[in-house]
Amino acid sequence: MQYCAIGNCGNDVRWVGNEAGYVRDSEWSVILSSLPADKQQSSEEDAKRLGLHYESNDKGSRDIINAASNISEDWQVKYYPAESDVRIRSKWFWHAKDKVKSAKQLADLYITNVGMNSHFLLNVAPNQQGIIEEKDIKSLMGMKEIVDKTAKNQLMPAKVVTSGYIDGKIQVVDSTQAPDAVLYDKNYSSNPSECYTGYALPDNGYIMDFMFNNGVQSFGRIDIREDLRFSQRIEAFEVWALVNGKWKLVGDNTIVGNRKIFVFKNAIKTNQLRFVFKQSRGNPHIRAVQFFEK
């Protein structure tokens, strides 16, 4: 089965706003829409007035939503994920003397686009004979090799618990098998009754601890995904590692969305990792968390 995503403010995805593969630090999968007309914006003047033109750094923060609602009750948030279009060469289409991006450049673009809640659209143009040239193929295959290497060996936690800060200390609020749902993402479905791959953190729980057996493990990559059946909710989170008996901050970000990828240049050596969800629009719904060895 094949699919076609209609971009550039079409029905499916919106343009990220540049052709260099740069995504926002907070790439919200939303845009403000005018419900009566069901449009992404009423006019270009509206977009500029609200700071919502395609190059705007802020597409979905609370400040933007509040600013819009103060202007009109008709402005609402509409799901509209970003798509990043990037050229494999220095120019669009094929040109004989164009420089091809290296495998490392392409792999970095993959991690910082797919891993920052954007769809990655890579332009690869055939030459005048309708053939993809060997140097393009070499970079593409090299990109695959680099990305695949970051996810070669998955590490599975032995236990997952959810905690909260209660009565002045961190206390476990869910040690059942429910938090384990984030470790298995095989039968994902848009119908919640057909699968159980997501996990909704309880009202008094915003910390998830992942404990590993067999001593200290070596981590090179961590992925986290929100369960978008319940919308994009997380606004700020941190990742901590227990190193030599002390908690060390190893990663943080604002949004998660479809996927956030952390790739560590230096391996994280630990047997316990912790996610702290600092701010969210309602209880976070986590689709999957994955850990990979370095």
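Note that the structure is a prediction, hence the values are computed from the model and not measured. One is the number of the first residue; the rest follow in order along the sequence.
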Reported CE-to-CG distance for the pair Met116 and Asn258, which is rounded to 0.5 angstrom:
13.0 Å

Any side-chain heavy-atom pair of Phe230 and Arg287 under 4.5 Å:
no

Kindly check if the number of other-residue, nucleotide or ligand heavy atoms within 6.0 Å of CE (Met156) is above 12?
yes

N/O donor-acceptor pair under 3.5 Å between Asn113 side chain and Leu109 backbone
yes

Residue pair Arg221, Asp223: steps toward the salt bridge (charged side-chain N to carboxylate O under 4.0 Å, His left out) verdict:
CA-CA 7 Å; Arg221 170 174 165 174; Asp223 291 21; 2.7 Å; yes

Asn117 versus Ser29, side-chain donor and acceptor atoms under 3.5 Å:
yes

Indicate yes or no: at least one non-hydrogen side-chain atom of Asn244 is less than 4.5 angstrom from one of Lys246.
no

Passes side chain to side chain contact (heavy atoms under 4.5 Å, CB included), Val160 versus Asp209? Steps please.
CA-CA 6 Å; Val160 186; Asp209 281 299; over 6 Å; no

Other residues, nucleotides and ligands only: do more than 12 of their heavy atoms fall within 6.0 Å of NE2 on His285?
yes

Taking everything shown except Lys104 itself, do over 12 heavy atoms lie less than 6.0 Å from its NZ?
no

Does Lys152 form a salt bridge (charged side-chain N to carboxylate O under 4.0 Å, His left out) with Glu145? I'd like the steps, not just the answer.
CA-CA 10 Å; Lys152 184 177 180 181; Glu145 183 178 349; over 6 Å; no

Distance, nearest 0.5 Å, that separates CD1 of Ile234 from OG1 of Thr254
10.5 Å

Ring-ring centroid check Phe264 Phe219, cutoff 6.0 Å
no

Using only heavy-atom distances, determine whether the side chains of Ser61 and Asp63 contain a donor-acceptor pair under 3.5 Å.
no

Residue pair Arg259 / Val114, side-chain heavy-atom distance below 4.5 Å:
yes

Could you check whether any side-chain N or O of Asn283 sits under 3.5 Å from a backbone N or O of Leu201, counting only pairs where one atom can act as donor and the other as acceptor?
yes

Spacing of CG belonging to Asp58 relative to CD1 belonging to Ile64, to within rounding of 0.5 Å:
4.5 Å

With heavy-atom distances below 4.5 Å as the criterion, would you say the side chains of Val172 and Asp174 are in contact?
no

CD of Gln217 to CG of Asn153: how many Å apart, nearest 0.5 Å?
11.0 Å

Is there a donor-acceptor contact under 3.5 Å from the side chain of Ser118 to the main chain of Val23?
no

Decide yes or no for Trp247 and Gln272: does some side-chain heavy atom of the first lie under 4.5 Å from some side-chain heavy atom of the second?
yes

Identify whether NZ of Lys or CZ of Arg in Arg62 sits under 6.0 Å from the centre of the six-membered ring of Trp28 and within 45° of that ring's axis.
no

Kindly indicate whether the side chain of Ile207, heavy atoms from C-beta on, has any atom under 4.5 Å from the side chain of Ile170.
yes

Is the Lys NZ or Arg CZ of Lys260 less than 6.0 Å from the centre of Phe262's six-membered ring, within 45° of the axis?
yes

Do the side-chain N and O atoms of Tyr199 and Thr162 include a donor-acceptor pair separated by under 3.5 angstrom?
yes

Should Arg233 and Glu226 count as side-chain neighbours, where that means a heavy-atom distance under 4.5 Å?
yes

For the CG atom on Asp148, are there more than 12 heavy atoms of other groups (residues, nucleotides or ligands in this structure) within a distance under 6.0 Å?
yes

Kindly compute the distance separating CE (Met143) from CD1 (Ile146), expressed to the nearest 0.5 Å.
9.0 Å

Intermediate values then yes/no, side chain to side chain contact (heavy atoms under 4.5 Å, CB included), Glu235 and Ile255:
CA-CA 5 Å; Glu235 295 177 301; Ile255 57 90; over 6 Å; no

Side chains of Trp240 and Val250, heavy atoms from C-beta outward: is any pair under 4.5 Å?
no

Under a 3.5 Å distance rule, please check whether Arg87 uses its side chain to pair with a backbone N or O of Asn123 as donor and acceptor.
no

Show the numbers, then the answer: is there a side chain to side chain contact (heavy atoms under 4.5 Å, CB included) between Ile88 and Leu140?
CA-CA 9 Å; Ile88 193 172; Leu140 290 168; 3.9 Å; yes

Report the C-alpha distance between Ile286 and Phe277 in whole Å, list the side-chain angles of each, state the deciding distance to 0.1 Å, and finish with yes or no for side chain to side chain contact (heavy atoms under 4.5 Å, CB included).
CA-CA 11 Å; Ile286 310 302; Phe277 301 101; 3.8 Å; yes

How are the rings of Phe291 and Phe212 set relative to one another: parallel (under 30°), tilted (30 to 60°) or perpendicular (over 60°)?
perpendicular

